[in-house]
Amino acid sequence: MSDVLIASRGQPAPKRWHPVTEERRPTRVLLIALSLSLLALLVVAPLGVIFAEALARGTVQAIASLSRPEARSAIWLTLLVAAITVPLNAIFGLAAAWTITKFDFRGKAFLITLIDLPFSVSPVVAGLALVLLFGINTAIGGWLVGMGYPVIFALPGIISASMFVTFPFVARELIPVMIEQGRAEEEAALTLGASGWRVLLTVTLPNVKWALLYGVLLCNARAMGEFGAVAVVSGKIRGQTATMPIMIEMLYNEYMSIAAFSMAAVLALLALVTLVLKTALEWRHSDALATGRKH
Amino acid sequence: MLIEIDEIAKTFGATAALRPVSLQIPSGALVALLGPSGSGKTTLLRILGGLEYPTSGRVKFDGLDATGLTVQERRAGFVFQSYALFRHMTVFENIAYGLRARPRRERPSNAEITRRVTKLLDLIQLPDIGGRFPSQLSGGQRQRVALARAIAIEPRMLLLDEPFGALDARVRKELRQGLREIHDTTGLTTIFVTHDQEEAMELADLVVVMSMGQIEQIGRPQDIRSKPATRFVREFIEV
Amino acid sequence: MMNGFVAKSPMPGFRLGMGITVTMLSIVVLLPIGALLLHGVNFGLSNTWQVVNTERVWNALFLSFRLAFFAALFNLITGTLLAWVLARYEFPGRRIVDAIVDLPFALPTAVAGIALTALYAPNGLFGQFAKNWLAPIGNFLFSPFGVEFSGRIAYTQWGILIALIFVGLPFVVRTVQPVIGEIEREVEEASATLGATRFYTIRRVILPMLMPAALTGFALSLARAVGEYGSVIFIAGNIPNKTEIAPLLIVIRLEEFNYDAAGAIGIAMLLISFSMLLVINLIQIWSRRRIGHV
């Protein structure tokens, strides 16, 4: 008798029955199709246009436009800005996360709010604030220029602007992870006689390395791509203070389409690499990251 | 309502959660599905509620085939182990939920809904908590609200998955009596899942002992105690 | 327990950590913001008000805020949909699609700006479609109501809206997606056993549970869009009183070396940002009180 039943195993569920926590198949297909077309139109199409426009007259033209001196200088400047901004922000992120997660002190919530502040300030307003602090007409700015260290329309200004807009990135990734990991491991290391630096290097850093890398990745992408804040403070001097995004604007306004989009394509490739690395990190080390957790 | 389970089997991938089981539950009975975890008792309960679809076999309600009925059509009052209360709604709205979810022409008026919810809050002996949110209730109160919410839809049967599982021993005893009283007041065919043999024996009219996806024994508590049918049953009720 | 400023702790490095944190925070963020506010104080409240209270500035602020609001609203709806599809449905390429959602975060705004312009300009792929198809159809349907659509997207407010939608797209998805993952299946099942249709369950149970996260994403998207510059200026056309956004007006005043006016508009924008930050925090406090957590 049970043989008969085994033979009938897998009787198809009637059409009207379906799992209650799922939408019916037509609804699912419709929603997936809607989402995919939305993303295709809104996000993928602009990305495609960048490469199509860059390669409109062939690869040779595109690469030639990137090897002109002013383009090379812009690429070099952008790399330099990122190379200074990102490590500084990483140091800040670690210090802030250590202070906030390992100690209890008054005004902690306020401190976190201040760290998050750059997220809600327009980049242009950030640039404006820097001009009003370091501009040649101000006390500090005038003094610095007199000493021979101009900030605005020079490299320090560009770095300050990049620092401002990327300021919360590393701390924001580290804090939730370090809260979750607690203080027990560090306390254990201390009882075993380790010094503070040793605890940081041998216990804390290995625990947060993926979150740190994740934050650094986001920080780097933003630092290389920042436009609004840098546009205000850089002065847009070709070959000197024009970063890649600034160069894109100038080329575009001069109707140098191939050159503008070729440089844009380089930055778009950087964005794609960032996304690939980010996805790989989320995939392999999701348990060590703050994403997907509630802040 | 008379419930007939006719050679129901359920496999998840390669593992068999239920080998074909058959069982008749007389109308108005209070039945315990008793067994260790992994015995298939929760799967059987979920099949009765329409939350899972059996791999083979049929379910009949009052002699009519109910296998293909959707969850909504079954009108089974289901109490989940976690209670699954809607945490963004007050207790009142939780209990009123099933009535408000009805299609417009079957939906009671607001006044009628208020009357019924008030009556149910009295039935579970918590008349004053209608305005609170689930997060403000104790475990025992949550369980009773979940029960009231299930009864509010005028169900044809009550299905409870480990209804006392998340409670401490003292509250558990108290609420057992509460479930008995509610069963006797409503006269609903009631099936609850438990792994606690003492709970099953004390509360149920009929105990179904399950193990490894099969029914080991069906009987009144005193019969199972005096004449365990298999070695498994003897050992399980001894603990 | 906390007698002084900091609770006693065996952990070392408080002074150093706090020192680095506060020093860098002050130099990088607080000093510039302070300089902006100080500039406003020196310039005077009534002077600031005089600069802001002109037609062109009002138009720019209102345009930025209004279009940012509509873009955030669009992102609230589509972002919730995207989050649901990504969290709940299995389909080929889901992981790639999930990664693509973050592209607007990773793509530099100037790059996005020229790409969107190339796409939506009258001779661009979507621009041509709008001119040749959307405009005739739209005008056929709506001209009896006195609504005219030129078919131009770039260099109009439509273009700005599209750019703002682009930059704000990931916020709602990323705030809502983890919350969807935390909804217990039993809650949805409970709703069904109580007789609710799937649609009713989504409307009365799931969406209210997602609401706090979705509103947080909405506010973040709004805050970002109000201050957005790079992706907008290329596609906006930048016609005073029509398609001139507030950040651009600051840049224009700075290029005229009119620091007082630029500072005044900057302070107005800063106040808008601060009030939105406040709203975000209030939403979170409200929802925490209501359902136990955010």
Side-chain angles (χ1 to χ4, degrees), chain A residues 20-21 23 28 31-32 35 38-39 42-47 49-50 53 92 95-96 98-99 102-106 114-115 117-118 120-125 128-133 163-164 167 186-187 190 196 221 225 227-228 232 245 248-249 252 260 264 267-268 271 274-275 279 292 294, chain C residues 5-7 9-14 17-18 20-21 24-25 28-29 31-33 35-36 39 78 81-82 85 89 91 97 99-100 102-103 106-112 114-116 118-119 166 178 185 188-189 192 198 223 227 229-230 247 250-251 254 262-263 266 269-270 273 276-277 294:
Chain A
V20 291
T21 53
E23 286 73 49
R28 287 206 310 271
L31 293 184
I32 291 173
S35 305
L38 209 78
L39 280 178
L42 273 175
V43 182
V44 180
L47 187 68
V49 160
I50 298 166
E53 294 277 337
F92 166 76
W98 177 271
T99 312
K102 305 295 176 201
F103 300 94
D104 297 307
F105 54 89
R106 289 179 200 280
L114 287 181
I115 292 173
L117 197 60
S120 44
V121 174
S122 168
V124 170
V125 173
L128 166 71
L130 285 169
V131 170
L132 294 180
L133 179 65
M163 287 286 293
F164 186 102
F167 201 64
E186 280 84 359
E187 282 165 356
L190 286 173
F227 178 68
V232 172
I248 291 172
E249 186 202 15
Y252 185 83
L267 284 178
T274 304
L275 284 187
T279 307
K294 283 181 293 169
Chain C
F5 160 65
V6 58
S9 164
M11 209 76 74
F14 179 74
M18 192 54 127
I20 294 175
T21 306
M24 287 187 78
L25 181 68
V28 175
V29 178
L31 264 179
I33 297 285
L36 173 60
H39 192 87
T78 54
L81 169 75
L82 277 170
V85 167
Y89 300 162
F91 54 93
V97 175
I100 285 176
D102 277 334
L103 191 74
L107 199 67
T109 52
V111 176
I114 63 168
L116 290 170
L119 210 50
F166 178 87
R185 294 278 163 133
E188 293 172 51
E189 289 177 347
R198 185 67 183 153
Y229 176 69
I250 294 179
V251 172
L254 274 175
M269 291 201 62
L270 206 59
S273 305
M276 281 192 295
L277 207 64
V294 184

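So that the names make sense, note that chain A is the first sequence line, chain B the second, and so on, each numbered from 1. The shown structure was predicted, so the numbers you read here are calculated from the model rather than taken from an experiment.
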Engaged part of C:V97 at the chain A interface, taking heavy atoms whose separation is under 4.5 Å
both
Non-hydrogen atoms of chain C under 4.5 Å away: do they reach the side chain of A:L42, the backbone, both or neither?
both
Is there a side-chain contact between A:F167 and C:L25 in this structure, where contact means two heavy atoms from C-beta onward sitting under 4.5 Å apart?
yes
Using non-hydrogen atoms and a 4.5 Å limit, figure out which bit of A:L117 sits close to chain C: side chain, backbone, both or neither.
side chain
Which bit of A:L38 comes within less than 4.5 Å of chain C, counting heavy atoms only: side chain, backbone, both or neither?
side chain
Would you confirm whether C:R198, through its side chain, and A:T21, through its main-chain N or O, come within 3.5 Å as a donor-acceptor pair?
yes
Using non-hydrogen atoms only, which part of A:V20 is less than 4.5 Å away from chain C: side chain, backbone, both, or neither?
both
Is it the backbone or the side chain of A:T279 that comes under 4.5 Å from a heavy atom of chain C, or both, or neither?
side chain
Region of C:L270 in contact with chain A, defined by heavy-atom distances below 4.5 Å:
side chain
Separation between CD1 of A:I50 and CD1 of C:I114, rounded to the nearest 0.5 Å:
7.0 Å
Backbone N/O of A:V121 and side chain of C:S273: donor-acceptor pair under 3.5 Å:
no
For C:T109, is it the side chain, the backbone, both or neither that has a heavy atom under 4.5 Å from a heavy atom of chain A?
both
So which of C:A118, C:P12, C:S9, C:A35 has the largest heavy-atom pair count under 4.5 angstrom toward chain A?
C:P12
Supply the atom-to-atom distance C:F91 CZ to A:R28 CZ, rounded to the nearest 0.5 angstrom.
12.0 Å
Under 4.5 Å from any heavy atom of chain A, what part of C:A99 do you find: side chain, backbone, both or neither?
both
What part of A:V43 lies closer than 4.5 angstrom to a heavy atom of chain C: side chain, backbone, both or neither?
both
Measure distances from A:L267 to the heavy atoms of chain C and classify the residue's part below 4.5 Å as side chain, backbone, both or neither.
both
Is A:E53 close to chain C through its backbone or its side chain, or both, or neither, when contacts mean heavy atoms under 4.5 Å?
side chain
Cut-off 4.5 Å, heavy atoms of chain A, and the answer for C:F14 is both
Are C:M18 and A:F103 side-chain neighbours, meaning at least one heavy-atom pair lies under 4.5 Å?
no
